[in-house]
Amino acid sequence: MMIKPYWTSCLLVFSMAGTGLQYVASQQGIVASLPPRASAPACITPLPDTTPRIELLTSGTPTSLRGLSVVSDRVIWVSGSKGTVGRSIDGGKSWQWTTVKGFEKRDFRDIEAFDEKTAVITAIAEPANILKTTDGGLTWKTVFTDSTKGMFLDAMDFIDKKRGIVVGDPINDTVYFATTKDGGNTWKKLPGVAVKVQAGEAFFAASGTNIRYHPDGSFTLVSGGKASRLINPSEFLPLDIIQGREMTGANSIALRGRRAVIVAGDFENPKDTTQNCLFTPDNIREWQAPTTRPHGYRSCVAFIGDSQLITCGLTGVDISTDGGNNWTLISTEGFHVCQQARKGKAVFLAGGNGKIGKLVE
């Protein structure tokens, strides 16, 4: 990002490297020099620091937060372990925490919120459950249950307030899909789609960011584990991503027009940067490795502008300003998920120990 001079109503002070002198300048040019350590005019304002950083909003809640849904700059929902759901309606300044009755020992790995009153959450593992609230989280109704052995709902995504999809780990080597057309009140298995997985291939919980649902009813999905692929209803594309072990592979995909970015890593070796990212400027079938990779295992990625992205993981947070080709580490604070407001520009992150952060500049 370009750092611009900050002009006050009068003068700007800067130093000439190697001279020991400071110069006082106006918008019309250099007007005076000062000896070393001389006091600057009183009206001088310090240059602002425009480097993005992460502001920690809250931490210390005994829950690992993997679900995040940012409705607007003011309305944010999170979900996590021990049946925990959190909500803020003032931009993260204060939080209301709820433990969903009957789910105190369950993990809510994904959450999709529509406004400050309405949200849907998924619970793991068996039985697989989906719950919905319409009163800001005071009460929750179970709207879906599947007790099939091996059921594990990984992620969900919504096109709008009505249409959504949920994906689960494979049952008998076939990926589980269900869709809703009424805002999550009812769910039905997706007909006519049978996605077969390879040995050891599955999906990670990255707050729904490993699957993207499209208005035409199709989807884009990334898998991980012993095999890592880009999947849609009609084709499968092997990814040049770290894979081969249970805790490796692609975690998350971000789409913006024809741009796309995938992040990955080795959960058991989080500092490793090997094959942890792919990007494409114009075609999701033609991927390339970045010139400068994210700094370690990354579990979530999101566009925050046409060519600006943020990614996070156990070892910190990176940003890119060139569509994913180069990444800059801005924090060593670990987070699981990151997301920009659907209605607004604010960017929030969530992670272990009830940690919630915000991107500030």
Between [Y] and [X], is there a side-chain heavy-atom distance shorter than 4.5 Å?
| X | Y | result |
| --- | --- | --- |
| V78 | V85 | no |
| K358 | L349 | no |
| V167 | Y176 | no |
| F158 | I165 | no |
| T220 | H214 | yes |
| L131 | V143 | no |
| V301 | L309 | yes |
| N232 | S218 | no |

>> Taking R342 first and then E112, would you say they form a salt bridge - that is, a charged N and a carboxylate O separated by under 4.0 Å?
In response: yes
> Is E333 salt-bridged to K355, going by a charged N under 4.0 Å from an acidic O?
Replying inline: yes
Test of understanding: with side-chain hydrogen bond (donor to acceptor under 3.5 Å, both in side chains), list the residues that count as partners of [X], not counting sequence neighbours.
| X | answer |
| --- | --- |
| N326 | T292, D322 |
| Q198 | none |
| S307 | none |
| T145 | N129 |

State, without any angle test, whether [X] and [Y] hold a side-chain donor-acceptor pair at a distance under 3.5 Å.
| X | Y | value |
| --- | --- | --- |
| N325 | T291 | yes |
| E201 | S223 | yes |
| N276 | T274 | no |
| T148 | D146 | yes |

Are [X] and [Y] joined in one hydrophobic group, where the rule is that I, L, V, M, F, W and Y side chains link up if heavy atoms are under 4.5 Å apart?
| X | Y | value |
| --- | --- | --- |
| L237 | I284 | yes |
| I231 | L278 | no |
| M156 | F114 | yes |
| L190 | L153 | no |
| L230 | I242 | yes |

> Which residue pairs satisfy the salt bridge (charged side-chain N to carboxylate O under 4.0 Å, His left out) criterion with at least one member in residues 252-268, sequence neighbours excluded?
Replying inline: R245-D266, R256-D306, R258-D282
> Which residue pairs pass the salt bridge (charged side-chain N to carboxylate O under 4.0 Å, His left out) test when at least one of the two sits in residues 113-135, sequence neighbours left out?
Replying inline: none
> Tell me, which pairs form a side chain to side chain donor-acceptor pair (under 3.5 Å) where one or both residues lie in residues 151-161, sequence neighbours left out?
Replying inline: D160-R163
>> Can you pull out every side chain to side chain donor-acceptor pair (under 3.5 Å) where at least one residue sits in residues 76-85? Sequence neighbours excluded, please.
In response: T63-S81
>> Suppose we screen for ring pair (Phe, Tyr, Trp, His ring centres under 6.0 Å). Which residues come up paired with Y213, at least two apart in sequence or across chains?
In response: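 For Y213 there are no ring pair (Phe, Tyr, Trp, His ring centres under 6.0 Å) partners, ignoring immediate neighbours.
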>> Restricting to ring pair (Phe, Tyr, Trp, His ring centres under 6.0 Å), what partner residues turn up for F303, sequence neighbours left out?
In response: none
> Does the ring centre of F177 sit less than 6.0 Å away from the ring centre of F219?
Replying inline: yes
> Is the centre of the F203 ring less than 6.0 Å from the centre of the F152 ring?
Replying inline: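 For F203 and F152, the ring centres are not under 6.0 Å apart.
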>> Applying ring pair (Phe, Tyr, Trp, His ring centres under 6.0 Å) as the test, list every pair that has at least one member in residues 255-276; sequence neighbours left out.
In response: F267-Y297
> Going from CG on D318 to OG1 on T273, what distance comes out if it is rounded to the nearest 0.5 angstrom?
Replying inline: 10.5 Å
> With ILVMFWY side chains joined below 4.5 Å, transitively, what does L138's cluster contain besides itself?
Replying inline: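 Result for L138 is none, singleton.
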> Around atom CD of Q96, are there more than 12 heavy atoms of other residues, nucleotides or ligands at under 6.0 Å?
Replying inline: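 Yes, the 6.0 Å shell around CD holds more than 12 heavy atoms from other groups.
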